[in-house]
Amino acid sequence: MKNKPTKFYIMPLQITEARGIFCVHGTLNSSSATILSRHIGRYLGSDRRIVINLDRITSIDVNGASALQELYDNAAKRNRQLTILGKTNESVFSSLQKINSTYILGANQA
């Protein structure tokens, strides 16, 4: 049986998931970052490999970047594999630079 992508709509953020790859579309700010953190946090308790693709983020603020850093730290504490893609997205890269966290970005391959 083929896996159908699951969609979660969060205004102004959209998260789609297929086989452990979460594609995030839209704006990642203080309100949407909380929802993203809660959603991804549910999967950190499992043994699943998690990939967050941020290539389609249109804007991200420092709160969104900090939420990504917290997700990364939580995954490391739980010894879970979390890959965050988005090095080629200038908005994501520059926001993570502001908080000295560009190292959380993995290679842009899932």
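Predicted model only: the values in this text are computed from it and were never measured.
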| query | Which pairs pass salt bridge (Lys or Arg N to Asp or Glu O under 4.0 Å) with one or both residues in residues 65-84, sequence neighbours excluded? | reply | D47-R80
| Is there a donor-acceptor contact under 3.5 Å from the side chain of S32 to the main chain of T27? | yes
| request: Identify, with sequence neighbours excluded, every residue that meets side-chain contact (heavy atoms from CB on, under 4.5 Å) alongside S37. | output: A67, L71
| Side-chain touch V24/N53, heavy atoms, less than 4.5 angstrom | no
| query | Is any side-chain heavy atom of L28 less than 4.5 Å from a side-chain heavy atom of L68? | reply | yes
| task | Can you sort out the partners of S31 under side-chain hydrogen bond (donor to acceptor under 3.5 Å, both in side chains), two or more places apart, ordered by chain and number? | result | N29
| Test item: N89 side-chain N/O and D55 main-chain N/O as donor-acceptor pair under 3.5 Å | yes
| request: Using side-chain contact (heavy atoms from CB on, under 4.5 Å) as the criterion, list what pairs up with R56, not counting sequence neighbours. | output: H25
| query | Between I50 and F22, does a side chain to side chain contact (heavy atoms under 4.5 Å, CB included) hold up when you go through it step by step? | reply | CA-CA 8 Å; I50 299 170; F22 295 86; 3.8 Å; yes
| task | Any chance you could lay out the salt bridge (Lys or Arg N to Asp or Glu O under 4.0 Å) test for R42 and E17, step after step, and finish with the verdict? | result | CA-CA 13 Å; R42 287 187 280 168; E17 188 267 338; over 6 Å; no
| query | Do T102 and Q97 have side-chain atoms, one donor and one acceptor, less than 3.5 Å apart? | reply | no
| Minimum side-chain heavy-atom gap I104-L96 below 4.5 Å | yes
| message | What I'd like to find out is whether the side chain of V51 reaches to under 4.5 Å of the side chain of L85, using heavy atoms alone. | response | yes
| request: Please tell me if the side chains of Y103 and Q69 come closer than 4.5 Å, counting only heavy atoms from C-beta onward. | output: yes
| field | With sequence neighbours excluded, residues passing side-chain contact (heavy atoms from CB on, under 4.5 Å) with N63 | value | S30, D61
| message | Just to verify, what does T34 make a side-chain contact (heavy atoms from CB on, under 4.5 Å) with, not counting sequence neighbours? | response | R38
| request: Apply side-chain hydrogen bond (donor to acceptor under 3.5 Å, both in side chains) to S91 and list each qualifying residue two or more places apart in sequence or on a separate chain. | output: none
| S46 (side chain) donor-acceptor with L44 (main chain) under 3.5 angstrom | no
